[in-house]
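Every heavy atom of this structure was used, including side-chain atoms; hydrogens, water molecules and symmetry mates were not.
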Amino acid sequence: MAGEAPKNLVFVYGTLKRNHANHFLLEDLISSNDAVHIGQRTTRLQYPLVTGLYGIPYLINKPGSGQKIRGELYSVSKRGLARLDELEGIKVNHYESLQIEVSEEESNGTVLAEAYFAHCRFGERLWEKRGKYGMCEFGENDGVLYVMVKDRPTFSSFFDEIEAFVSSSNS
């Protein structure tokens with residue numbers, strides 16, 4: 001991968017997965033040798049996985065709650081990781097990148113990878129808003145509800161919108 005070391009393992013569970021809206025970025029990284037698809041993985045622990053405003057999937061940092069999450073594991077260069085961080089809004093506190101243990105379905109061994117979790121300023125409130133009910137996988141049917149950034153309203157701040165969403169009384 002572009003001669004860079006060390007490689008970063010990244011677990012994706014939502015729109016970055018194959019057959020989802022933002023997978024184009026990983027395809028681009030793969031074509032430039034900045035990422036390699038390793039395979040399907042599942043979290044060792046249970047985590048909440050919910051959708052929020054605009055059908056955006058969020059993994060919530062509450063280990064032991066929710067379900068074991070199915071996703072995909074990639075090895076990504078530093079340059080590739082920077083592009084993923086930009087898409088996920090790390091600098092603007094949309095998501096935060098945290099370590100997570102994942103394993104193959106048929107294996108007892110686990111590896112540590114990075115995953116993008118809902119930022120702590122709203123993640124737990126989003127879990128509560130969703131009735132503390134989550135899914136085990138962001139599937140293709142879930143993906144049809146996702147609204148690309150370019151198609152979202154531009155009249156207000158996304159963070160104002162998410163704050164209003166998690167604070168509202170309706171689901």
Side-chain angles (χ1 to χ4, degrees), residues 8-23 25-26 40-74 76 81 83-105 110-171:
N8 302 281
L9 293 177
V10 178
F11 175 74
V12 300
Y13 57 85
T15 65
L16 284 167
K17 290 186 346 181
R18 292 176 176 189
N19 300 316
H20 286 279
N22 289 322
H23 186 69
L25 177 54
L26 279 166
Q40 301 295 114
R41 295 295 186 271
T42 302
T43 59
R44 185 179 73 79
L45 299 175
Q46 296 173 319
Y47 288 89
L49 174 60
V50 297
T51 55
L53 195 60
Y54 304 119
I56 299 170
Y58 293 101
L59 194 58
I60 312 295
N61 189 21
K62 286 192 62 68
S65 299
Q67 301 180 53
K68 290 186 177 185
I69 307 302
R70 291 190 294 269
E72 300 170 1
L73 188 65
Y74 290 83
V76 181
L81 191 61
R83 289 189 58 200
L84 291 172
D85 285 354
E86 180 181 355
L87 175 81
E88 300 293 10
I90 294 295
K91 287 184 180 176
V92 295
N93 298 328
H94 184 195
Y95 285 91
E96 51 191 342
S97 180
L98 303 170
Q99 288 195 326
I100 193 168
E101 286 183 89
V102 297
S103 63
E104 289 184 76
E105 295 279 337
T110 62
V111 296
L112 274 178
E114 296 294 315
Y116 293 99
F117 287 83
H119 194 272
C120 62
R121 72 180 184 177
F122 67 86
E124 192 165 337
R125 290 186 296 147
L126 181 58
W127 171 235
E128 291 167 2
K129 179 167 184 66
R130 290 301 192 204
K132 296 187 177 181
Y133 177 80
M135 56 187 114
C136 64
E137 183 170 25
F138 185 76
E140 289 185 38
N141 289 337
D142 303 302
V144 299
L145 301 174
Y146 177 74
V147 179
M148 297 287 290
V149 172
K150 66 180 180 57
D151 297 324
R152 296 178 195 158
T154 56
F155 57 83
S156 66
S157 151
F158 176 78
F159 301 104
D160 291 342
E161 289 182 77
I162 195 134
E163 182 61 38
F165 181 75
V166 297
S167 299
S168 70
S169 59
N170 58 344
S171 298

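Remark: the backbone N or O of Cys120 is paired with a side-chain donor or acceptor of Glu96 at under 3.5 angstrom. Side-chain atoms of Lys132 never come within 3.5 Å of backbone atoms of Pro48 as a donor-acceptor pair (strictly under, hydrogens ignored). Of the possible donor and acceptor atoms, one in the side chain of Lys17 sits under 3.5 Å from a partner among the backbone N and O of Phe138. Side-chain N or O atoms of Gln67 include one that pairs as donor or acceptor with a backbone N or O of Gly134 at under 3.5 Å. Looking only at distances, no side-chain donor or acceptor of Ser97 sits under 3.5 Å from a matching main-chain atom of Glu114.
Proximity of the aromatic rings of Tyr146 and His20 is defined here by a centroid distance below 6.0 angstrom, and this criterion is not met. Between Tyr58 and Phe122, the distance from one ring center to the other falls under 6.0 angstrom.
Smallest separation of non-hydrogen atoms from Thr51 and Arg130: O-NE, 2.8 Å. Listed here is the closest heavy atom pair of Gly14 and Pro57: CA-CG, 3.8 Å. Between Val102 and Ala113, the shortest heavy-atom distance links the atoms CG2-CB, 4.4 Å. Closest non-hydrogen pair, Trp127 versus Ser65, comes out as CZ2-CB, 4.1 Å. Of all heavy-atom pairs between Leu45 and Pro63, the closest is CD1-CB, 4.0 Å. Heavy-atom minimum distance, Val166 versus Lys129: CA-CD, 3.8 Å.
Atoms CD and CG, on Gln99 and Asn61 in that order, are 11.5 Å from each other to the nearest 0.5 Å. If you take OG on Ser167 and CD1 on Ile162, they are separated by 10.0 Å, rounding to the nearest 0.5 Å. Here CZ of Phe165 is found 15.0 Å from CG of Asp160. Values are rounded to the nearest 0.5 Å. Distance check: Leu16 CG to Glu72 CD gives 9.0 Å after rounding to the nearest 0.5 Å. Residue Thr42 holds its OG1 atom at 11.0 Å from CG of Leu73, rounded to the nearest 0.5 Å. Put simply, OG1 on Thr15 and CG on Leu87 are 6.5 Å apart, with the number rounded to the nearest 0.5 Å.
Using a cut-off of 4.0 Å between Lys/Arg side-chain N and Asp/Glu carboxylate O, Glu161 and Arg152 are scored as not salt-bridged. Ionic pairing of Arg125 and Glu163 is present here: one or more N-O contacts between side-chain nitrogen and carboxylate oxygen are shorter than 4.0 angstrom.
More than 12 non-hydrogen atoms from other residues, nucleotides or ligands lie less than 6.0 angstrom from CG of Asp151. Summarising the local packing, CD of Glu128 is surrounded by more than 12 heavy atoms from other residues, nucleotides or ligands at distances under 6.0 Å.
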| task | Might you work through the side chain to side chain contact (heavy atoms under 4.5 Å, CB included) test for Tyr47 and Tyr13, ending with a clear yes or no? | result | CA-CA 12 Å; Tyr47 288 89; Tyr13 57 85; over 6 Å; no
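Inter-residue side-chain proximity for Glu104 and Arg41 is flagged as met; some heavy-atom pair is nearer than 4.5 Å.
Checked options Ile100, Ile90, Val12, Leu98; the residue passing with Tyr116 is Ile90 (criterion: side chain to side chain contact (heavy atoms under 4.5 Å, CB included)).
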